[in-house]
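Side chains included, hydrogens not; waters and symmetry mates left out as well; all remaining heavy atoms used. Atoms within a ligand are numbered from 1 in the order they appear, just like the ligands themselves. Bear in mind that the values here come from a model prediction, so they are computed numbers and not experimental data. Quick note: residue numbers are just sequence positions, from 1.
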Amino acid sequence: MTWDELIRVTPELDAWLRETRRYLHMHPELSLQETNTARLVAGHLRELGIEHRTGLGGDGRPLFMSAEALRAAGIQPGPTTGGHGVLAIIRGERGPGRTVLLRADMDALPIDEQNEVPYRSTRPGVMHACGHDAHTTILLGVAELLNSLRDRFAGTVKLMFQPAEEGPGGAAAMIADGILEDPPVDAAFALHVDSTHRAGEVAVSPGPATAAADTFRIVVRGVGGHAAKPQTTVDPIVVAAQIVVALQTLVSRETNPLESAVVTVGKFHAGTATNIIPDHAVLEGTVRTYSPAVRDHLEQRIAELASGIARAMRAEAETVYLRGYPAMYNDPTLTALARQVATELLGSERVYDREPLMAGEDFAFVAQHVPVCMISLGVANPERGIVYPPHHPRFDLDEDALAVGVRLLTAIALRYLGAV
Ligand SMILES: [Zn+2]
Ligand SMILES: [Zn+2]
């Protein structure tokens with residue numbers, strides 16, 4: 001039996017996918033606020049008669065950053081995932097076997113959409129600019145197909161619809177709610193839309209996939225005073241400027257050139273007037289790494305450099321370092337399986353190598369427990385002007401990619417469970 005005979009996205013299902021993606025695109029919800037999206041997902045699973053659990057990843061549990069760490073960084077703590085996670089469970093009728101998890105994220109971004117399309121976001125300042133509307137839609141399509149193919153496989157498929165990927169770490173909260181247990185998950189796959197490839201193409205590679213994404217905040221305290229009497233002050237702006245320059249050496253002089261790392265100071269705030277030397281300055285930035293040793297080293301050295309330079313210049317520096325999403329690696333065996341299935345479905349000329357990203361991704365929390373593989377799903381269509389990257393106000397996707405994603409994830413699950 002060929003894939004085309006086994007996995008058919010009918011014209012009706014294809015139309016439903018396009019319509020559902022457009023509905024979600026028009027009604028985007030920010031991280032922690034995915035109430036309506038979660039309701040749509042659960043409602044459709046109920047219609048399909050698929051076993052599922054709702055309200056996951058909530059109940060006031062703090063997210064992966066402790067409330068204490070958030071407060072120390074000047075961030076108001078208290079966000080939770082709001083319990084909008086949904087887990088569907090499809091049990092094969094050929095008996096017990098392995099358990100594979102497929103994941104989609106559901107949240108949108110605080111961006112004002114600039115596309116003039118009939119399905120433009122109806123919510124000012126909120127937009128599905130990372131393609132999570134497509135991820136959610138695709139996984140619902142996969143649910144329908146795998147549910148109709150239950151007599152074909154042994155084992156279990158879990159479908160994870162997660163909230164709050166864009167920062168708060170909704171995946172971690174759902175894991176804390178036990179979604180990887182009962183039955184225990186053996187492997188996990190996810191798709192992410194990718195504008196560097198056309199609809200109908202995919203990219204997947206083993207090894208480094210997304211980076212660890214941390215943030216830091218340095219408060220430099222000096223002594224304020226009159227701008228014309230610097231000798232009576234300790235100028236925190238000059239101290240902070242030295243720290244910014246010194247931080248550049250952490251990657252260039254202290255990190256193995258064969259390792260990847262980024263240290264970026266994205267914010268530098270100080271002062272109120274030209275004739276005043278302020279009493280403090282604040283630096284904030286992000287650190288991206290793959291190697292845990294490089295991550296540990298940078299965390300330690302940012303604080304040491306800041307306080308050492310401040311002390312040498314008669315000031316004080318206090319550093320808060322917040323660990324964000326961990327780095328994620330695609331498992332070689334799962335990647336080989338995904339690549340093989342993609343090649344069978346799409347032809348080898350449409351399957352590309354995927355470049356590691358320095359962006360973070362909270363599927364990395366799943367990767368801390370089970371082997372994972374994240375696949376890039378091409379969504380670009382240059383002839384139609386669909387070329388902008390995720391997180392851009394003109395990001396869009398070619399909806400032909402929806403059926404591709406559905407077939408790919410369905411086929412990967414069936415192959416992993418040994419059905420084909
Ligand atoms: Zn994103
Ligand atoms: Zn995303």
Angle at the Zn ion (ligand 1) (to 10°), with one arm to OE2 of E166 and the other to NE2 of H391: 110°

Of the N, O or S atoms in H192, the one nearest the Zn ion (ligand 2): NE2

Angle subtended at the Zn ion (ligand 2) by NE2 of H132 and SG of C130, nearest 10°: 100°

Side-chain (D177) to main-chain (L56) donor-acceptor, under 3.5 angstrom: no

Metal check, the Zn ion (ligand 2) vs H135 N/O/S, cut-off below 2.8 Å: no

Shortest non-hydrogen separation from A413 to L102 and the atoms involved: CB-CD1, 4.2 Å

Centroid-centroid distance, F395 to H391, less than 6.0 Å: no

ring-ring contact (aromatic ring centres under 6.0 Å, His included) involving H44 - partner list, sequence neighbours excluded: W16

